[in-house]
Structures are given as C-alpha cells and as structure tokens.
Amino acid sequence: MPHVITQSCCNDGSCVFACPVNCIHPSPDEPDFATTEMLYIDPVACVDCGACVSACPVGAIAPDSRLEDKQLPFVEINASFYPERPSDVKLPPTSKLAPVIPAAQVHARRRPLTVAIVGSGPAAMYAADELLTQRGVRVNVFEKLPTPYGLVRAGVAPDHQTTKKVTRLFDRVCSHRHFRFYLNVEVGKHLSHAELLAHHHAVLYAVGAPDDRRLDIDGMGLPGTATATELVAWINGHPDFVDLPVDLSHERVVIVGNGNVALDVARVLTTDPDELARTDICDRALEALRHSAVREVVIAARRGPAHSAFTLPELIGLTGTSDVVLDAGDHELVARDLATASDRLTRNKLENLSKLGDASEPGPRPRIRLAYQLTPSRVLGERRATGVEFSITGTEDTHRIDAGLVLTSIGYRGKPIPGLPFDESTAVVPNDGGRVVDPESGQSVTGAYVAGWIKRGPTGFIGTNKSCSLQTVQALVADYNAGALTDPVTRADGLQRLVRARQPDIVDSAGWAAIDAAEVARGIDDGRPRNKFTDVADMLAAAATAPPAPKRRLLARLLG
C-alpha cells in the first residue's frame, strides 16, 4: 500500500530525509522545491516502511488504504508527478538521490556560540532547531507578542488544525536547556540591533513580511474594506486585530485576489459556525459568524483560470468542504484554458475547476464563487463600501458586484528593520545566502543574518522555511568558525538585566507554558483544542502564574 501525501502537506521536507529509498520529491536540493505546491510520493518506489509518517510534523501522510474520501484525489496527484516507466524500474530515470544536508559543525572555542533570533515563527524556530543540534550553542528568541509561533498561531485558518501541529516540533525546540524565550519584547523599541549584537555573536532576523500589499484604487480605506490577512488575524484572535470592525450584515463579500489566503477566508466565512466552534477560532469572531448574513463570497481574479494563484491541494480541500461554483462564462474560460494547457499541474487544476457547480443554481447553504478576468477599478460607496466596480480584463467593459465587505488578498511586503539595509523594490533585507549585505559596499554586515520571508520574499509554505533557515545557519556557523564574529561584551545575566530594565513584563519559556496550558484548559469544556487569550493583559496574567525561576531550576535538577 503506497503512502500518499495529502493537502495538509507543509513542505517541511523531513519526510524526504526519512525515506530510505528516495521516493519523495522534489527534495530540498532540487530546483523545484522552493516553488512546488506540495511534495509527492512515488507509488512505484515506495516500500511502505512508514518512516515518512512519523517524520511528518503535520500528519499529512497516510497509506492509500486509509484515506478519507476527500483525500482520494491525492492518490492520482502524487502518482502524476512521476513519469511513466516499466514496472521493474523503481526510480525515475532522471532522479538523483537527495543527499542529506549535513548540520553546520560548530568548532569549539573558549566561549560558546550565542545567537539572538528576532521573531518566533517557523523560520525562527527552524533556525533555532538547527543551531541547537550543536553542543554548547545558546539561542535567545525575541518576540514582540507574549505568545510565539507567528503565522502558525495567527495566520493559519482555525479549521486547519493539522497544519498547526507543526508547533509540536517547535515546543520540543523550546524545551532545550540552551534555548531561552524573551517574549513581549520588541526589538527596535525595547532593544536596538546594536545592543543585541553586543550581547550575542550574531543576530538572525526571521520577522516575516508583516505588511500587506495594498490595492491602489479609489475607495480602498472606506469602512467595510480590509485585507484578507487582517481578517485571518481577527479570526485567530491576534491582539492587534481583535477589534477590527468586520461587518457581516450583507449577503455578499468580495475578495480581490485568489491565492490560498483568499480561499481560507472564503471557506471560514461560509462554514457552519457549529463546525468552527470545535476549533481555536477567536470567541468574538465566532459570535460574529453566528449572526452573519453572508450567503456568497466572490473571489475575483484579474487573470484567467489557468493563472489561478491558489494551489491544487487547497482547491481540492476547499471543494471537499464547501460549495464552490462558477458562472457560465467562467466555465467557458476554464474549458478554453484546458484545451490549450500543456503542463501537468495546470491541467490538474483546470480539470478540478471544470467539475465545479453552476452559479445559476441556488444552493441550501452559503457558497463560494470563483470569478475570472476581473480587474478592480474602484470600490463603490460614499460612507462605507457597497461593492466593487471591475473592468473586464482586456476590454473596456465594466462589471459591478454589490458587497458589504471588500477584502484584498494580493500579497505581502516586508518592512524595514532599524539598523539594517532594506530594498524597497523587493521589500526584503539585501542578503547573500542569509548574510545581510550592505548594497552600497557589497560587503556583508558583520553579525547580521536573515531567514524566511524577510530574506527571500513571501514565497513557499511553512516547511519551506526549514531549508531556508538551514542555509542561513550554515552561513552563520561558517563565519563563527572563521573567527569573523565578535564575542559578546557581557555575560548572559547582563542581557537579562538589560531586558528586564527595559521591559519588566517580559514573558519567558515558563510564562509561555503557563499561557499555553491556560488556553488549552479554557477550551476543554467546549471540546476545543484551545480558547485563546486575545488581550495582552490576560496573557500576562496567565504568564504570572508560572512557578518562580528558583523553583523551576530546583525542579529541573530534581528531574535530572
């Protein structure tokens, strides 16, 4: 029974290295890895050992005999990645065994390598994990919120709990005795880059791309307009967005842009609130959805179906849980594109689109309508948004869609980091393999490194950050081994005193564990994985229940 990777694949890549027969591709050393929509298991080469199942951090792999109905399409999707060949040829003729990239080897010196990581999302935690494979390395992670894990906590839709399982790996990293959290500490406010560098050999920024790309048309900014990213943060109870004014009193919502985030938002807005009540959705968002009048979410794309930005796994996942339809004209566009599509991935996507229902047929529950060749020209309304006027792409014709909420989902941008260079055109920190580079001199900035979206731009999936962070860590360790990094000027207790003087409300690892336990306990009675705190004051109150540090150290000694 060959194993199959399903739509919850995160491209972590751990399964690739766990596989003893090299049957999972693309591997991190192959060109397609950074852009592929998912990984694929070769059903011919798979020996059913199950090593990949235990390696996968999000539970995305299962034998083909144990798939749910909605996962069955992935049997063909996995197989179609590989070329046809004789049954006795186990590996594709062009395949090369993916080498296991060795961990960066830290050369022992008088003082251990000490690294500050700014940010606590996937790129940060993967970097910390890689660094802590070495003996004696110390890692301090700084995060401006009292809770860690970035977009896994605040950016993954609440009904995608399997994707959030990657935090189990991050929890193991946090438990390392040479790992320390400095949560509720904002670099640039409480500490400067120079101060961090004075207390560490290196500072690695993994701060993501926190800003949305904005749609520059008349009417954006009116009440009733927002970004899909902001709405996801509101749904997830991010403290900065919990008070976002979300009006769901109109029967229609329009989302401009059709990437995976747009699909996530549309799915949540049209899902039965009783189903969402079993997730970690924010209480305030759940209450708003219970009183929602939304009957249709229109996802509008400027180009045609062949250029859909969402991934095939996300489309299959969406159609397995939601009513998704197309207008007759868009069905014609799908048929046209399918007739000329040549590459396998595009054909698979179009074939799935061709099976969608007809928008002219009313349904019993809220639905999602995909719409193509619509270029937004202005948001309608005077005091608040009442709809969107589009031009039909490539023509002078216009089309109006009435809506009470208009969201944009057209990408992300990094923002400048005080003390480091920044490229406004690409919205990333200039770098060479993770080493920050001064664009004027072309020289590396000593002790400064980047990983994740602030390094490469907003591309890839959660697990893509693993290979990205590995590359940066290898560069950092090489510089340390070469003696290119300056030793910290003070001992570790000096850093702790400085941080506490600047931010008395610091939350450490024990404080986060107390917040985590409290949230989980709050959710138990309702059958939920957790009930999140959405107010920083409540988070700090929960963190304050953690045992005092001396008792924690004694407990650690007693437990060995």
Side-chain angles (χ1 to χ4, degrees), residues 57 102-143 148-150 166-185 187 191 195-206 434 447 449 451 465-466 469-470 472-481 485-500 506-514 516 543 546-560:
Q105 297 294 316
V106 176
H107 297 167
R109 283 167 52 182
R110 184 175 60 86
R111 299 185 66 173
L113 171 60
T114 305
V115 180
I117 298 179
V118 182
S120 64
M125 298 309 298
Y126 281 127
D129 186 31
E130 192 63 37
L131 284 162
L132 292 169
T133 61
Q134 299 293 305
R135 293 184 62 184
V137 177
R138 270 68 170 174
V139 173
N140 298 318
V141 170
F142 296 80
E143 164 63 51
Y149 304 158
V166 72
T167 59
R168 295 175 182 176
L169 166 65
F170 300 162
D171 288 340
R172 291 198 297 271
V173 176
C174 298
S175 67
H176 195 285
R177 64 193 183 99
H178 289 152
F179 177 98
R180 183 181 294 274
F181 261 142
Y182 289 86
L183 304 174
N184 204 35
V185 177
V187 175
L191 294 170
E195 287 171 328
L196 276 183
L197 196 54
H199 290 82
H200 301 84
H201 288 96
V203 183
L204 192 162
Y205 289 88
Y449 301 84
N465 293 292
K466 184 170 185 176
S469 295
L470 171 58
T472 297
V473 168
Q474 287 179 320
L476 187 159
V477 170
D479 292 344
Y480 173 78
N481 290 339
L485 303 181
T486 304
D487 283 342
V489 297
T490 64
R491 298 176 61 86
D493 55 355
L495 173 64
Q496 294 175 42
R497 287 195 300 269
L498 174 63
V499 175
R500 289 193 179 278
I506 179 179
V507 175
D508 60 11
S509 296
W512 157 237
D516 183 38
K551 292 184 179 180
R552 294 200 301 269
R553 288 197 294 268
L554 176 60
L555 180 61
R557 287 198 298 270
L558 292 173
L559 295 176

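Just so it is clear, the structure is predicted and the values come from calculations on it, not from any experiment. One is the number of the first residue; the rest follow in order along the sequence.
- The closest donor-acceptor contact from the side chain of T114 to the backbone of H201 lies at 3.5 Å or more, if one exists at all.
- Side-chain N or O atoms of R138 include one that pairs as donor or acceptor with a backbone N or O of G136 at under 3.5 Å.
- Remark: D129 pairs with no residue by the side-chain hydrogen bond (donor to acceptor under 3.5 Å, both in side chains) rule, at least two apart or across chains.
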Item checked: ring pair (Phe, Tyr, Trp, His ring centres under 6.0 Å) between F170 and Y126, worked out -> CA-CA 8 Å; F170 300 162; Y126 281 127; 5.6 Å; yes
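- Counting only heavy atoms from C-beta outward, the side chains of V203 and F142 never approach each other to under 4.5 Å.
- Of the listed residues (V141, D508, V499), just one forms a side chain to side chain contact (heavy atoms under 4.5 Å, CB included) with Y182, and that residue is V499.
- For the side chain to side chain contact (heavy atoms under 4.5 Å, CB included) test, residues two or more places apart in sequence or in another chain that qualify with A128 are I117, V139, V173, F179.
- Listed here is the closest heavy atom pair of Y480 and R111: OH-O, 2.8 Å.
- Here the side chain of N184 pairs no donor or acceptor atom with the backbone of V507 at under 3.5 angstrom.
- Considering OG1 of T490 and NE2 of H199, their distance stands at 3.0 Å, rounded to 0.5 Å.
- To the nearest 0.5 Å, the span separating CG on N481 from CG on L113 amounts to 8.5 Å.
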Check: Should L495 and H200 be marked as a side-chain contact (heavy atoms from CB on, under 4.5 Å) after you check the CA-CA gap, both sets of side-chain angles, and the distance that decides it?
Finding: CA-CA 9 Å; L495 173 64; H200 301 84; 3.6 Å; yes
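- Residues A451 and S469 approach most closely at CB-OG, 3.9 Å, considering heavy atoms.
- Residues Y149 and V166 fail the side-chain proximity criterion, which asks for heavy atoms closer than 4.5 Å.
- Considering every non-hydrogen atom in both L204 and A127, the closest pair reads CD1-CB, 4.1 Å.
- Taking both residues in full, the closest heavy atoms of A510 and A546 are given as O-CB, 3.6 Å, listed atom of the first, atom of the second, then distance.
- In this structure the side chain of P148 reaches within 4.5 angstrom of the side chain of L183, judged on heavy atoms.
- Distance check: T472 OG1 to L131 CG gives 10.0 Å after rounding to the nearest 0.5 Å.
- Side-chain contact between Y449 and V115: absent, with no pair of heavy atoms (C-beta onward) separated by less than 4.5 Å.
- Within the 4.5 Å cutoff, the side chain of R180 has no heavy atoms near those of the S509 side chain.
- Nearest approach of A202 to L197, heavy atoms of both residues: CA-CD1, 4.1 Å.
- Atom CZ of residue R135 and atom NE2 of residue H178 lie 9.5 Å apart, to the nearest 0.5 angstrom.
- Distance check, rounded to the nearest 0.5 Å: CG of N140 to CG of L196 gives 9.0 Å.
- To the nearest 0.5 Å, the span separating CZ on F181 from SG on C174 amounts to 3.5 Å.
- Nearest approach of M125 to S120, heavy atoms of both residues: CG-O, 3.5 Å.
- Using modelled atom types, one side-chain atom of Q134 and one backbone atom of V106 make a donor-acceptor pair closer than 3.5 Å.
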